[in-house]
Every structure is written in structure tokens, then in C-alpha cells.
Amino acid sequence: AALGSTRGPLAGRHLLITAGPTHEPIDPVRYIANRSSGRQGYAIAAAAARAGARVTLVSGPVTLPTPPGVTRVDVETALEMAAAVEAALPADAAVMVAAVADWHAEAAAAKIKKPADGTPPALSLVENPDILAGLARHATRRPRLVIGFAAETDDLLANAQAKLTRKGADWIVANDVSGDVMGGADTHLHLVTAAGIEDWQPMRKDDAATRLVARITESLS
Ligand code: CTP
Ligand code: CA
């Protein structure tokens, strides 16, 4: 059990992190999902634990090992992720790195069979709750610092700034995924806050995690 350290700059703090994709079942054998390796979120959880925080990592399906000292809660769907986030409160800071599926399907109880005439089945999709916005506007237990990620291929900074306002987050970490970022070891982040935009330049995801955790530490102290 990870109780958090008595040492380190984040000792006594609780950090809540989401990571990975969500899987939304269509039927017992199929799902829709976002692309996400979980690497960035896991690196942030590891860095926060190294800094002495108690860390709850709410994780969608990924193939990564749990970082040392981190309490991991495995979920599959966005609705399960939302419930696990709520159950993990209170937290001093929340970092929502997960690539949450925007919709779930009204899942069929039995496997959908291919019709003989080749007509594709129609999927009826329902919007998932916005976990980040729900946390940022939480009526009773809003974490002091609420951070979202925005993975974009176009208009990176404009989209990130719009998400900062729309979701009520304190910071948005804008992630340019037009190149070879998905699943890779490197990333190019911008930190978008009400105070402005910082270009962090391309670096290892581990180094970006350490840098973000240092900024969180500063902000909480
Ligand atoms: N997010 C969330 N719950 C959702 C969707 C997104 O918590 N149902 C969070 C993500 O974890 C991320 C941030 O919101 O921190 C931005 O996610 P993104 O998919 O970029 O935002 P959307 O509002 O879904 O916009 P888009 O149309 O670009 O997908
Ligand atoms: Ca989305």
C-alpha cells in the first residue's frame, strides 16, 4: 500500500492522476477506444511518488507496470473512470492525462452478427461525462490544482486555451500529436495557464513528467 512518504517536497500531498485510454464496449467482443499508451500519465505518477506524494493512478487498459509507491485503480470505461476519480477525492492536485472516449455505445448483450446483406450496423452513441470539467467545477471537493491535457493535431494553442476556459481547469498541458508522439518516448508540451503559454521544447516524457511535478510542487507550496 502506498501511504505516501514522510520525505520529499510533496510529502503529505495527495495527487490524483488519470492515464491511458478508456474502452467502451459495443458488444461482448468489441469496443471503441482512444489511442493512448499511458506512458505520459504513468511517468507523472512515478515522478509524483518520487517527490513523496501519495499518488492515486486511475488507469484505463494499458500494458505498463505500476510505478513504485503508486496506488493504481484499474478501470475500463469512462463511466468507471469518473466513479473512480470521485471515490479517490479529496486530492490536493489532479492531473487528467487519460484519453477518455468521448462517447459510449448502448452495448448489446449478445455479439452483433454481420447481416447477410452486408449492411453495417448503426451504433447509437451517448456522450460520456467530462471528468476533468466535473472535477474543476466540483461543488464540494475541488482539488486546489486541476490540470488537463489536450492532445491536438491542429491549432494546438488555440484549442488548449479554449479547453482551459471551457473546462474550468487551472492549467492545460497542450500536447502536439501531429508527429510521432503516440506511444513514443518523446513529447513536445506547452503549459497553458491564465498567465500565458510556455513552450517546453521536445523532451523525454520522463523529463516532462519531472518538470510538471516540480511546477505542481511550487504551486502547492
Ligand atoms: N477529458 C475528461 N473526460 C472526458 C473527455 C476529456 O476528463 N469525457 C479530459 C482529458 O483527460 C484531458 C482533457 O479533458 O485532460 C482534454 O481532453 P480532450 O479529448 O482533448 O477534450 P474534449 O473536450 O473531449 O475535446 P475534443 O473534441 O478535442 O476531443
Ligand atoms: Ca475528447
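Remember, it's 1-based here, ligands and their atoms both numbered in the order they're listed. In this text the structure is predicted, and so the values were computed from the model without any measurement.
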Would a 4.5 Å heavy-atom cut-off, applied to side chains only, mark Leu132 and Val100 as touching? no

### Query
Hey, does Phe149 come in under 3.5 Å of ligand 1, counting only N/O atoms on both sides?
yes

Next on the checklist: Considering both backbone and side-chain atoms of Leu132, is one of its nitrogen or oxygen atoms within less than 3.5 Å of a nitrogen or oxygen in ligand 1?
Outcome noted: yes

How about Ile26 and Ile112: do any of their side-chain heavy atoms sit closer than 4.5 Å? yes

Backbone or side-chain N or O of Met96 under 3.5 Å from ligand 1 N or O: yes

Any heavy atom of Ala99 under 4.0 Å from ligand 1? The part involved is neither

The protein heavy atom nearest to atom 1 (N) of ligand 1 is Asp130 OD1, 3.9 Å

Which of Val55, Ile216, Thr18 passes side chain to side chain contact (heavy atoms under 4.5 Å, CB included) with Val95? It is Ile216

- Query: Under 4.5 Å between any side-chain heavy atoms of Ile131 and Met81, yes or no?
  - Reply: yes

Practice prompt. May I ask whether Ile44 and Leu16 are part of the same hydrophobic cluster, defined by side-chain heavy atoms of I, L, V, M, F, W, Y residues being less than 4.5 angstrom apart, directly or through others?
Written response: no

Check: of His104, Glu152, Lys163, min heavy-atom distance to atom 18 (P) of ligand 1 comes from Lys163

_Can you tell me if Asp102 contacts ligand 1 (heavy atom of the residue under 4.0 Å from the ligand)?_
yes

So the atoms of ligand 1 within less than 4.0 Å of a heavy atom of Gly148 turn out to be 15 (O)

Atom 6 (C) of ligand 1 has as its nearest protein heavy atom Lys167 NZ, 3.9 Å

Examine ligand 1 and decide if any of its atoms is less than 4.0 Å from a heavy atom belonging to Met81.
no

- Task: Please say whether more than 12 non-hydrogen atoms of neighbouring residues, nucleotides or ligands are located less than 6.0 Å from CZ in Arg166.
- Result: yes

*Can you check whether His104 reaches Leu79 side chain to side chain, under 4.5 Å on heavy atoms?*
yes

Nitrogen or oxygen atoms of Asn128 and ligand 1 under 3.5 Å apart
no

NE2 (His188) and OG (Ser178) are apart, to the nearest 0.5 Å, by 10.0 Å

Does Arg13 form a side-chain contact (heavy atoms from CB on, under 4.5 Å) with Arg144? I'd like the steps, not just the answer. CA-CA 11 Å; Arg13 305 291 191 189; Arg144 184 132 67 91; 3.7 Å; yes

Test your reading of the structure: does Ile131 have an N or O sitting under 3.5 Å from an N or O of ligand 1? yes

Does at least one non-hydrogen atom of Pro129 fall below 4.0 angstrom from an atom of ligand 1?
-> yes

Could you establish whether Glu127 and ligand 1 come within less than 4.0 Å of each other, counting only heavy atoms on the residue side?
-> no

> Under 4.0 angstrom from atom 29 (O) of ligand 1, is there any protein heavy atom?
Replying inline: yes

Report yes or no: do Ile197 and Leu191 belong to one cluster of Ile/Leu/Val/Met/Phe/Trp/Tyr joined by side chain heavy-atom distances under 4.5 Å? no

| field | contact_flag Ala98 ligand 1 heavy-atom lt 4.0 Å | value | yes

